[in-house]
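Below: the structure, in structure tokens.
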Amino acid sequence: MTPYPAVRTAAVHHVADRGPHAHRTIAAALLAAGDGDEIRIAPGVYRECLRVEGRVTLLPAHDSADGDGTANGADAGTGAAPGRVTLAADSERPAVEVLPGGRLTVRNLTVRGAAADRAAVLLSGGTTDWSGGGIARGRLEALGDAGLDLRDARLTGAALAGVLLRTTGAVRLTDCLLDGADGTGLVAGGGTALELVRTEIRAASGSGLRVREDARAVLRDCALVRPGRSGLLVEDRAAALLADCRVRDCGGEAVRVLGSSPLPDAAFDEGAVPAGATGGLVLHGCELSGSGADALAATGSAEVLVLATTLRDCAGSAVAAGSASRVRMVDCRIVRTSGAALMVEGAAQLSATELTVRGSAANGLVATDDSTVRLTDCELRDCRFSAVHLGGRTHAVLTRLRVSVTPEHGVHAVANAGLELTDARIADCGMSGLDLAEEAVAEVSGLAVQRCRAGIIARSAGPVRLSECEVADAERAAVTFGPGDVELTGGRVLRPGTAGLVVEANAGPTAAGVEIRQAAGSGVVVAGGARPLLRDVRILRPGKNGLIVDAGGGGEFEDCEIVGPGFPAVHLGASATPVLRRMRVRDAAEDLNADAGARPVVDDCLSSGVRDARWPETAPVAPAVTGGGEPPAVEASAQTETSPEEAAAASGESLPDLLGELERLVGLARVKQDVSSLVKLMRMVQRRSAAGLAAPPLSRHLVFAGNPGTGKTTVARLYGRILAAVGLLERGHLIEADRSALVGEYVGHTGPKTQRVFQKAMGGVLFIDEAYSLAPAGAAGGNDFGQEAVATLVKLMEDQRDSVVVIVAGYPAEMEHFIDSNPGLSSRFNRTLLFEDYGTEELVRIVEEQAASHQYELTDPARSLLVGYFDHLPRDARFGNGRSARQTFQAMTERQAYRVSEVEAPSDGDLMTLSELDVPELPEPPV
């Protein structure tokens, strides 16, 4: 029978200065110890140097080897052991050295090296498990493949570096304090994998933590406090993850990144927290405060992700990104910076989502050179300089940005900066809300500016495109145009302190579809030498003139309306030469006032409710000044509102041509059939009348029910021309109206107002869009004058049944309620035409027709991609049917223009072709 080999039991060796079985030195005990033995050391100071090659445990005589590092009998309140064991180096060699293959366990042992700038503990390999105690002088080094687990230790009195790591092994420090290093607190280099948990690096004269080369560092719930330089320094190809850490009171930057390994794309793009230090620098749930320079500085190839972190009270910028660095911020706060809160230069990229900036002593954001900035759902408040300053060739995409309280501009773009500003809110700026100068290029939509000294100033050479913006309560002018390529489309101007729109000398902007309400000064002011183009601009109740064209000024003003001005609706200075076409003036003392020498062209303008009306007339307008000056010449044409279609109708359009034009409209098959049937019915009525037979009861008034953009206005205009062609209407022109055109603002105002609009439509069609707003659901009379307008219409439709056709239009359900709201309506509107939404193929056809009419050609791949685009386009409240198709075509031409602009010598084919690259992306769903 073979005996089992004997199992060796670990022995315990004692070290003391007396006792029969005790070793007098720790080194002697090490020589005697076998694999896995314990060496229990009596309190005292041992001057020697140890080299560990095997597996051994060192601990004070009264400690437990498997304990937590607290000596038996220690005071529970302080954790102090009754006697300390100190190992002091007796030469320049390290006091403790663990050699490759060694496995050292240490409990509550304090080491004092020979000198502060030398290694007190050198781990050349093997593994070390150390709890309690620490190093009182000299540094800790881990090299080769050494591994270290250090807990509850205090490391002080080191020079050059408190801890130096250059190992392929894993190093973990838990609940440790690295204090007062005369140099860097901890340096991790090589391929070190470092983890710090609840550890503090304090009062290093250099940087607190330096991670370089290919090292990886993970810090959780740690603090880097009062370093003389940077709190954290990352360079080369290193990576670091800091979670729930504090970096404060640094002499230099709180965090400085000179370079790093690349961040994973998913982490950078999605703002997701990686599991470890997988690349770049990640700060999650941290606080950077009190730095003597920038809170976070990134240069070189640095890649930084900052999540749910606060950066405050820094002497420089909160974030300074330069060179080719990339910085991504999500859900962060910046509070009180001495420099610009965000500084981006070189070719750096900065992206921030849900970032809040408060109390910058300079700008909120400065971006220059060739940098790129993208801010989404961010807020900049209480900045001492302009909240956003863009210069150089930077490109900034700012979406749903909120800016408030700055003595300078809200957003300021100069040099060759490019700006995309969408759905932003800017308020309480001491200068302008948005200021564009020099060669800046801007695409601005949905901007709201409130309570700024000036609203929008566009003096850039451009191009500048402003759409659907609102400027309210500006102290001075709401929108100012300088010379340059500037377009303003849609939007509102409310209560400016001076003028609504100011066109400076030599400027030639385009403005369309804008409403200006209650300007304290004039609605639109045009300086000498300016030549703007204004279409469909409504100027309501300005304190002074609706439109002023200064001496030498000109421009074209088409389909504009001025209501209730305090001064003459239009004032022209000497030698002013504007073209006024289809202008409408209502409720004014005077429509046109001109200085001597003014020579406007007045075409088809109309006044109503004007005490001293000069429109319409064919004689020259009398000058507004007395003396011997020559009266200005005024060219006047038609006396009422007339469109090109009306002129065509008057000259005798044929019914087949008009029906052919109707048939060529995209979609609307059901509507085309209904109109054709109506025409046949009406012609039969004419034949019966000509034969002396009684005419059957027939109502020509119609309800057009359908969503926006389904062609209701286009069909209404054609319907009037058709009725004129068959002799059932005298002119067949179309007058469009809505609630604001029919309903007054006080008792007794609505009836006359409705009558004036009806009178304009005599001999043609009165088209009332959103007619249901005259009888809103839930309204019960009271102060709503809509019902009075309805009652007036009903009576006029009866009195003038053969002179006017009335078409009411709106959403199907709302129109049903509207017709039911008044018995007179239901008896007069007994026919409804349903305008169905366009299908995908019809939307594509609209785009194709738009392209053909503007001399563009769609490629087959572009058409195929358009089909998919419209198939997936949300059919929600924002969907505009034909309007959406036209907007898509416009977006395609803009994208094509940007694409072709990169071609040095484009061919005619390049200029005319719309490819699949020009099809826009689907809009993001609303949050």
Side-chain angles (χ1 to χ4, degrees), residues 421 432-436 441-449 454-472 474 476-496 498-519 521-542 544-550 553-563 565 569-572 576-585 600-601 603 605 887 890 894:
L421 185 64
S432 55
L434 172 63
D435 187 89
L436 306 170
V441 175
E443 187 84 24
V444 181
S445 63
L447 169 65
V449 179
I456 299 172
I457 298 178
R459 293 193 177 104
S460 164
V464 173
R465 300 293 179 261
L466 308 168
S467 65
E468 300 301 333
C469 299
E470 179 176 292
V471 180
R476 294 190 176 179
V479 182
T480 299
F481 300 112
D485 180 6
V486 184
E487 293 182 7
L488 172 65
T489 306
R492 300 193 304 170
V493 169
L494 306 176
R495 303 176 296 277
T498 57
L501 305 183
V502 174
V503 184
E504 296 180 335
N506 302 315
T510 298
V514 182
E515 183 174 277
I516 304 169
R517 288 180 175 267
Q518 295 178 289
S522 298
V524 177
V525 176
V526 180
R531 295 291 186 270
L533 173 58
L534 271 64
R535 292 192 180 101
D536 191 26
V537 175
R538 300 187 70 208
I539 304 169
L540 307 179
R541 297 184 297 282
K544 297 183 179 179
N545 306 95
L547 168 64
I548 292 180
V549 181
D550 286 343
E556 297 181 36
F557 305 86
E558 299 179 351
D559 299 305
C560 297
E561 182 179 24
I562 302 172
V563 180
V570 178
H571 174 76
L572 307 179
T577 58
V579 176
L580 309 177
R581 185 174 291 118
R582 296 186 299 279
M583 296 277 291
R584 299 180 298 281
V585 174
V601 174
D603 179 15
C605 295
Q887 290 171 344
Q890 180 180 350
E894 291 172 358

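- P542 is not listed as a side-chain neighbour of I516, based on a closest heavy-atom distance of 4.5 Å or more.
- Within the structure, the salt bridge (Lys or Arg N to Asp or Glu O under 4.0 Å) test picks out the following pairs touching residues 501-515 (sequence neighbours left out): R459-E504, E515-R517, E515-R538.
- A distance of 4.0 Å separates CZ in R582 from CG in D559, rounded to the nearest 0.5 Å.
- With sequence neighbours left out, R495 forms a side-chain contact (heavy atoms from CB on, under 4.5 Å) with A472, D473, Q518.
- Minimum interatomic distance between A527 and A505 (heavy atoms only, all atoms of both residues): CB-N, 3.5 Å.
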Return a table of donor-acceptor pairs under 3.5 angstrom between the side chains of residues 478-488 and protein atoms on other chains or two or more places apart.
{"residue": "D485", "atom": "OD1", "partner": "R465", "partner atom": "NH1", "Å": "3.1"}
{"residue": "D485", "atom": "OD1", "partner": "R465", "partner atom": "NH2", "Å": "3.2"}
{"residue": "D485", "atom": "OD2", "partner": "R465", "partner atom": "NH2", "Å": "3.1"}

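- Side-chain atoms of T489 never come within 3.5 Å of backbone atoms of A512 as a donor-acceptor pair (strictly under, hydrogens ignored).
- Heavy atoms only, all atoms of each residue included: V441 and G462 are closest at CG2-O, 3.7 Å.
- A heavy-atom distance below 4.5 Å is found between the side chains of R531 and T577.
- What you find for A507 and P509 is that their closest heavy atoms are C-CD, 3.5 Å.
- Here the straight-line distance linking atom SG of C469 with atom CG of L421 works out to 8.0 Å at 0.5 Å rounding.
- Scanning for side-chain contact (heavy atoms from CB on, under 4.5 Å) contacts around E556 gives L533, E558, V579, R581, with sequence neighbours left out.
- The side-chain contact (heavy atoms from CB on, under 4.5 Å) search around S460 returns L436, A440, V464, not counting sequence neighbours.
- Between the CD1 atom in I456 and the CG atom in L447 there is a gap of 5.0 Å [rounded to 0.5 Å].
- Residues forming a side-chain contact (heavy atoms from CB on, under 4.5 Å) with A454 (at least two apart in sequence, or on another chain): S432, I457.
- Two residues are said to be in side-chain contact when any heavy atoms from C-beta on lie closer than 4.5 Å; N545 and P565 fail this criterion.
- Considering CG of L466 and OG1 of T510, their distance stands at 11.5 Å, rounded to 0.5 Å.
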